[in-house]
Amino acid sequence: QVQVVESGGGLVQAGGSLRLSCTASGLRFGASAMGWFRQAPGKEREGVSCINWAGGITYYVDSVKGRFTISRDNAQNTLYLQLNSLKPEDTAMYYCAAAFGGSCSDSWSQDGRYKYWGQGTQVTVSS
């Protein structure tokens, strides 16, 4: 049985930091590209970041470049997202997802590239 579980969300003031974690089981974590998505109320879900199976290639949506960092620990089947310099517009439910393949590619932000999804963790940034 596949399980993808996010944690680490919370309420933080603008300018603050959070570290999200995502633990996966029942899938070939070390062979899968992994992504972070977010969805704010009334908005479509958007891709935030993607990391390839080995961790050496990463992608970010423009709005988070220089502030967020994606990383992974394949020995622990865990994905991370470090969120720094948070802004109120970063407020959203954040989701972790495992891709069908091991690479992110230029279409990394498309939902259909991901096979397994977590339930999400809420990030709220106050101004």
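- Between Ala92 and Ala40, the closest heavy-atom pair is CB-N, 3.8 Å.
- Not one N or O on the side chain of Glu6 forms a donor-acceptor pair closer than 3.5 Å with the backbone of Thr121.
- Side chains of Ser17 and Asn84: a donor on one and an acceptor on the other come within 3.5 Å.
- Under the 3.5 Å distance criterion, the side-chain polar atoms of Thr23 are left unmatched by any main-chain donor or acceptor of Thr78.
- Between Ala14 and Ser127, the closest heavy-atom pair is CB-CA, 4.4 Å.
- Side-chain atoms of Arg19 never come within 3.5 Å of backbone atoms of Gly8 as a donor-acceptor pair (strictly under, hydrogens ignored).
- For Ser85 (side chain) and Gly15 (main-chain N/O), no donor-acceptor pair under 3.5 Å exists by modelled atom type.
- With 3.5 Å as the limit, one finds a donor-acceptor pair spanning the side chains of Ser107 and Ser105.
- Remark: Ile57 CD1 is loosely packed, at most 12 non-hydrogen atoms of other residues, nucleotides or ligands lying under 6.0 Å away.
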Exercise. Between Asp62 and Lys65, does a salt bridge (Lys or Arg N to Asp or Glu O under 4.0 Å) hold up when you go through it step by step?
Worked result: CA-CA 5 Å; Asp62 286 348; Lys65 285 180 180 177; 2.9 Å; yes
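- Phe29 and Val2 end up in the same hydrophobic cluster when Ile, Leu, Val, Met, Phe, Trp and Tyr side chains are linked at under 4.5 Å.
- Once rounded to the nearest 0.5 Å, the distance linking SG of Cys22 with CZ of Arg72 reads 10.0 Å.
- The nearest pair of heavy atoms linking Phe100 to Gly112 is CE1-O, 3.5 Å.
- The number of heavy atoms from other shown groups lying within 6.0 Å of CH2 (Trp108) is above 12.
- If you take CZ on Arg45 and CZ on Arg38, they are separated by 13.5 Å, rounding to the nearest 0.5 Å.
- Within the 4.5 Å cutoff, the side chain of Val48 has no heavy atoms near those of the Tyr95 side chain.
- Distance alone, capped at 3.5 Å, is enough to place a donor-acceptor pair between the Asn74 side chain and the Trp53 backbone.
- Within 6.0 Å of atom CD in Gln119, 12 or fewer heavy atoms from other residues, nucleotides or ligands are found, so the atom counts as exposed in its surroundings.
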Problem set entry | Ser49 and Tyr59: CA distance, side-chain angles, deciding distance, side chain to side chain contact (heavy atoms under 4.5 Å, CB included) verdict | CA-CA 5 Å; Ser49 184; Tyr59 292 77; 5.7 Å; no
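- Residues Gln122 and Thr91 have side chains in contact (heavy-atom distance under 4.5 Å, counting atoms from C-beta outward).
- Within the model, atoms CZ of Phe68 and OH of Tyr94 stand 4.0 Å from one another, a figure rounded to the nearest 0.5 Å.
- Nearest heavy atom pair, residue Tyr114 against residue Cys50, reads OH-SG, 3.4 Å.
- In the hydrophobic clustering of ILVMFWY residues, with side-chain heavy atoms under 4.5 Å counting as a link, Leu83 and Tyr80 come out apart.
- When every heavy atom of Asn52 is checked against every heavy atom of Ser103, the shortest pair comes out as CB-CA, 4.4 Å.
- Considering all non-hydrogen atoms of both residues, Trp117 and Asp111 come closest at CZ2-O, 3.8 Å.
- Considering CD1 of Ile70 and CE of Met34, their distance stands at 8.0 Å, rounded to 0.5 Å.
- Atom OG1 of Thr124 and atom CD of Gln13 lie 13.0 Å apart (nearest 0.5 Å).
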For this session: Given side chain to side chain contact (heavy atoms under 4.5 Å, CB included), test Leu27 with Ser32 step by step and report yes or no.
Result: CA-CA 9 Å; Leu27 58 91; Ser32 302; 4.3 Å; yes
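- Rounded to the nearest 0.5 Å, atoms OH (Tyr60) and CD1 (Ile51) are 7.0 Å apart.
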